[in-house]
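One-based numbering along the sequence shown. Remember, it's 1-based here, ligands and their atoms both numbered in the order they're listed. The shown structure was predicted, so the numbers you read here are calculated from the model rather than taken from an experiment.
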Amino acid sequence: MRGILSRMLKLPGYVHVANDTDQLFDDLGSALIGSAQKAIDQRGEFHLALSGGGTPEPFYMRLVLDPRYRLFPWLQTHVWIVDERCVSEDDDRSNIKMIRESLLYQVPVREGSVHPMPVLVEDPVEDYEQQLSAAFGGLCPPEVPQLDFILLGMGGDAHTASLFPDSPAQGVTDRWVAMNEGDRVVPPPRMTMTYPLINAAREVAVLIAGAGKHDTLKRIEAQLTSGGPDIRELPITGIDPAPVGGELTWYLDRAAANG
Ligand code: 6PG
């Protein structure tokens, strides 16, 4: 479903603009279920990675409540987490807590197919990479697993996942996940998927709603049109699954697209 194309914003990949968040969630939901069905037809399972943040929470609830998603193939779906705060799973800042409460507790996903980031174990990076490796036939870096669908958000500073401007995890190219903290990382410390893992995905969707994000989108457009990606300052400009045949789609409501 490729609704209205934005004439106002030139961003890499597809730019899908919906009139309001209701329509936006419908369009994203259709794309998601289509992607899940295709993955299952072709490979028997669907690897989905979800973000935290305020924007996707009502979308997750929509997936539970809207009868159109009743047939979503949860039993064949693996749920990975794009990024996580280093807090326990019952802390209100935890992404997995929000994702479980808004979505996963209400759908028939297999508990063994839900993969929270193990932020509090001794070596979280090694642990999560082993989980990914086990789910992808023993694959090891430098090879990279190909997740089917990664849902990202974007902060006002153009961070995505927990890849914040000028932060250490941005430079990690030999791992699939990394820890991240520093002056410009909003506390608490984070764990995040790295650029190599995100950019290896078949589909990457960036969900952005509200006029408050418009100026950041304009900044990104201006940077890409004038000098190309500035990954250090505008981390989301490092998202580019196209070289390996992946697809990037920006899901914007009219307020985000037009200000
Ligand atoms: C997180 C996210 C992060 C988020 C953006 C946007 O855990 O915070 O994964 O990258 O997507 O900060 O957040 P909002 O949707 O709340 O604006």
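In terms of protein heavy-atom proximity, atom 13 (O) of ligand 1 is closest to Gly53 CA, 3.9 Å. Counting protein heavy atoms only, atom 2 (C) of ligand 1 is closest to Asp83 OD2, 3.4 Å. Given atom 6 (C) of ligand 1, the protein heavy atom at minimum distance is Met154 O, 3.4 Å. The protein heavy atom nearest to atom 17 (O) of ligand 1 is Lys213 NZ, 2.7 Å. For atom 16 (O) of ligand 1, the nearest non-hydrogen atom of the protein is Gly54 N, 2.7 Å.
Judged by distance alone, the side chains of Thr192 and Asn180 never bring a donor and an acceptor atom under 3.5 Å apart. Side-chain contact check for Gln37 and Asp41: no donor-acceptor pair (N or O, by modelled atom type) lies under 3.5 Å. Donor-acceptor pairing under 3.5 Å is recorded for the side chains of Gln23 and Asp27.
The closest approach between a heavy atom of Glu84 and any atom of ligand 1 is not below 4.0 Å.
Those atoms of ligand 1 that come under 4.0 Å of a heavy atom in Asn95, given as number and element, are 1 (C), 7 (O). Close contacts of ligand 1 with Gly153, meaning ligand atoms under 4.0 Å from a residue heavy atom, involve 11 (O). Ligand-side atoms of ligand 1 in range of His159: 3 (C), 5 (C), 10 (O), 12 (O), range being under 4.0 angstrom from any heavy atom. Close contacts between ligand 1 and Arg85 involve ligand atoms 1 (C), 7 (O), 8 (O) [criterion: under 4.0 Å to a heavy atom].
Grouping Ile, Leu, Val, Met, Phe, Trp and Tyr residues whose side-chain heavy atoms lie under 4.5 Å apart, directly or via other members, leaves Val244 alone, with no other cluster members.
Residues passing the side-chain contact (heavy atoms from CB on, under 4.5 Å) test with Ala178 are Ala169, Val172, Thr194, sequence neighbours excluded.
Remark: of the listed residues Glu203, Lys38, His47, Glu203 is the sole one forming a side chain to side chain contact (heavy atoms under 4.5 Å, CB included) with Phe149.
Residue contacts with ligand 1, taken as heavy atom pairs separated by less than 4.0 Å, involve Thr55 via backbone and side-chain atoms alike. The part of Ala161 lying near ligand 1 is the backbone, judged by heavy-atom distances below 4.0 Å.
Between His115 and His78, the two ring planes are parallel [angle under 30°; tilted spans 30° to 60°]. The aromatic rings of Phe164 and His159 lie parallel to each other, their planes meeting at an angle below 30°, with 60° marking the opposite boundary.
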